[in-house]
Amino acid sequence: MTQVLPDSWQRWLGSEFEQSYMQALREYLRREKAAHKVIYPHSSDWFRAFELTPLDQVKIVILGQDPYHGPGQAHGLCFSVRPGVRTPPSLVNIYKELAQDVGFRPVNHGHLESWARQGVLLLNTSLTVEQGNAGSHRGQGWETFTDRAIATVSAEAPPSVFLLWGSHARQKKALVDTQRHLVLESPHPSPLSAHRGFFGNHHFSRANAFLAEQGREPVDWQLPEQP
């Protein structure tokens with residue numbers, strides 16, 4: 001596991017790569033690869049969320065659980081897929097809520113990099129997964145690292161918004177200083193739960209309203225027609 005964090009994150013998270021849990025995680029991933037298991041995303045994308053969204057530019061944190069486990073989907077940003085890949089059902093529901101909330105015009109792709117470049121940290125709590133095996137790398141150490149990242153945003157980033165969708169993400173509220181940051185919670189946008197309160201949560205407009213109150217530039221949620 002090569003450390004590829006940009007400078008803004010390296011100061012706070014660089015020492016994590018020397019910790020025993022990270023060494024154990026590195027060994028686990030090495031064994032999985034030696035067993036010829038396919039791991040997503042490619043190692044060059046494991047820390048893509050950090051590369052695209054510097055710590056001092058974080059405005060909004062969206063938490064996912066683990067990467068997509070189908071071929072060609074995952075590229076290091078939660079809920080996002082590579083250009084040319086069919087938009088996953090949860091993201092389709094996110095688009096539906098965006099349309100109702102902020103007049104979002106649906107696009108024919110699921111590539112969310114433009115959000116990341118505006119300060120939306122699209123972070124999965126586990127950064128790798130085995131092909132076809134959802135949740136397969138949970139409990140191997142990634143959560144320790146990403147919890148540290150969430151706590152770092154809470155302590156060091158300007159006032160930001162945490163969008164916590166679903167029970168897994170909502171557990172991370174304990175890591176956030178709610179005196180400085182806005183935490184918005186709802187059910188997950190999955191087809192199984194979106195109708196229980198994700199639709200109609202107005203998280204996107206509420207997040208932008210908070211940013212404006214803080215004197216920060218709101219996020220333009222409209223995605224480009226072509227990724």
Side-chain angles (χ1 to χ4, degrees), residues 40-41 45 48-54 57-125 153 157-166 168-170 181-227:
Y40 296 134
D45 284 331
R48 185 68 172 154
F50 300 98
E51 293 168 15
L52 292 177
T53 312
Q57 295 177 28
V58 171
K59 297 176 180 176
I60 294 173
V61 179
I62 298 179
L63 291 179
Q65 198 153 357
D66 54 3
Y68 295 119
H69 54 81
Q73 292 181 299
H75 65 111
L77 305 179
C78 75
F79 292 104
S80 180
V81 290
R82 293 184 182 280
V85 176
R86 183 180 177 184
T87 305
S90 290
L91 186 52
V92 170
N93 284 340
I94 290 171
Y95 288 176
K96 289 178 181 177
E97 175 58 24
L98 278 162
Q100 291 295 318
D101 188 20
V102 296
F104 176 87
R105 300 183 307 280
V107 293
N108 194 29
H109 65 82
H111 193 63
L112 305 181
E113 196 166 291
S114 71
W115 292 357
R117 293 186 183 278
Q118 293 182 71
V120 182
L121 183 65
L122 296 166
L123 184 65
N124 282 311
T125 56
V153 173
S160 302
V161 185
F162 289 76
L163 304 185
L164 307 183
W165 301 332
H168 177 81
R170 294 168 89 164
H181 306 283
L182 176 64
V183 175
L184 298 176
E185 303 176 65
S186 84
H188 195 275
S190 154
L192 296 174
S193 56
H195 291 279
R196 298 178 193 155
F198 177 80
F199 291 136
N201 65 20
H202 300 290
H203 279 187
F204 304 100
S205 60
R206 292 168 67 187
N208 273 349
F210 176 83
L211 292 172
E213 289 169 7
Q214 299 297 322
R216 307 192 69 193
E217 187 74 21
V219 171
D220 179 3
W221 294 108
Q222 184 59 53
L223 294 166
E225 292 294 328
Q226 297 297 323

Looking at every heavy atom in both [X] and [Y], which two are closest together, and how far apart are they?
| X | Y | answer |
| --- | --- | --- |
| A116 | T53 | O-OG1, 2.8 Å |
| E113 | L77 | CA-CD1, 4.0 Å |
| R216 | P159 | NH1-O, 3.0 Å |
| P189 | F79 | CG-CE2, 3.9 Å |
| Y40 | A74 | CB-CB, 4.4 Å |
| R105 | Q222 | N-OE1, 2.7 Å |

(request) Apply side chain to side chain contact (heavy atoms under 4.5 Å, CB included) to I60 and L211, showing your working. (result) CA-CA 9 Å; I60 294 173; L211 292 172; 4.1 Å; yes
Is [Y] close to [X] at the side-chain level, that is, under 4.5 Å between some pair of heavy atoms?
| X | Y | value |
| --- | --- | --- |
| F204 | I94 | yes |
| I62 | L123 | no |
| F104 | L223 | yes |
| D220 | Q118 | yes |

(request) List the steps, then state whether side chain to side chain contact (heavy atoms under 4.5 Å, CB included) holds for T125 with D66. (result) CA-CA 6 Å; T125 56; D66 54 3; over 6 Å; no
(request) State whether R82 and D45 are salt-bridged, where the test is any N-O pair (Lys NZ or Arg NE/NH1/NH2 against Asp/Glu carboxylate O) under 4.0 Å. (result)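 Salt bridge: yes.
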(request) Look at K59 together with E217 and state whether they make a salt bridge at an N to O cut-off of under 4.0 Å. (result)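 E217 and K59: not salt-bridged.
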In a table with atom names and distances, give each donor-acceptor pair under 3.5 Å that connects a side chain of residues 190-201 to protein atoms at least two apart or in another chain.
unit_1: S190; atom_1: OG; unit_2: L192; atom_2: N; d: 3.0
unit_1: S193; atom_1: OG; unit_2: H188; atom_2: O; d: 2.8
unit_1: R196; atom_1: NH2; unit_2: L192; atom_2: O; d: 3.3
unit_1: N201; atom_1: OD1; unit_2: H203; atom_2: N; d: 3.0
unit_1: N201; atom_1: ND2; unit_2: S186; atom_2: OG; d: 3.1
unit_1: N201; atom_1: ND2; unit_2: F198; atom_2: O; d: 3.0

(request) Pick out which of V120, N208, L184 makes a side chain to side chain contact (heavy atoms under 4.5 Å, CB included) with V161. (result)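 It is L184; the other options fail the test.
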(request) State whether the number of non-hydrogen atoms from other residues, nucleotides or ligands found under 6.0 Å of Q100 atom CD is greater than 12. (result)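 Not more than 12 within 6.0 Å, no.
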(request) Return yes if some donor-acceptor pair links the side-chain N/O of S160 with the main-chain N/O of P158 below 3.5 Å, else return no. (result)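 It does hold such a pair.
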(request) Could you go through the side chain to side chain contact (heavy atoms under 4.5 Å, CB included) check for W165 and L63 one step at a time? (result) CA-CA 7 Å; W165 301 332; L63 291 179; over 6 Å; no
(message) Run W115 and W221 through side chain to side chain contact (heavy atoms under 4.5 Å, CB included) and show every step you take.
(response) CA-CA 7 Å; W115 292 357; W221 294 108; 3.6 Å; yes
(request) Taking salt bridge (charged side-chain N to carboxylate O under 4.0 Å, His left out) as the test, write out the residues that go with E97, two or more places apart. (result)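 For E97 there are no salt bridge (charged side-chain N to carboxylate O under 4.0 Å, His left out) partners, ignoring immediate neighbours.
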(message) Less than 3.5 Å apart, any donor N or O on the side chain of H109 or T87 sitting next to an acceptor on the other?
(response)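 Checked: H109/T87 side chains show no N/O donor-acceptor pair below 3.5 Å.
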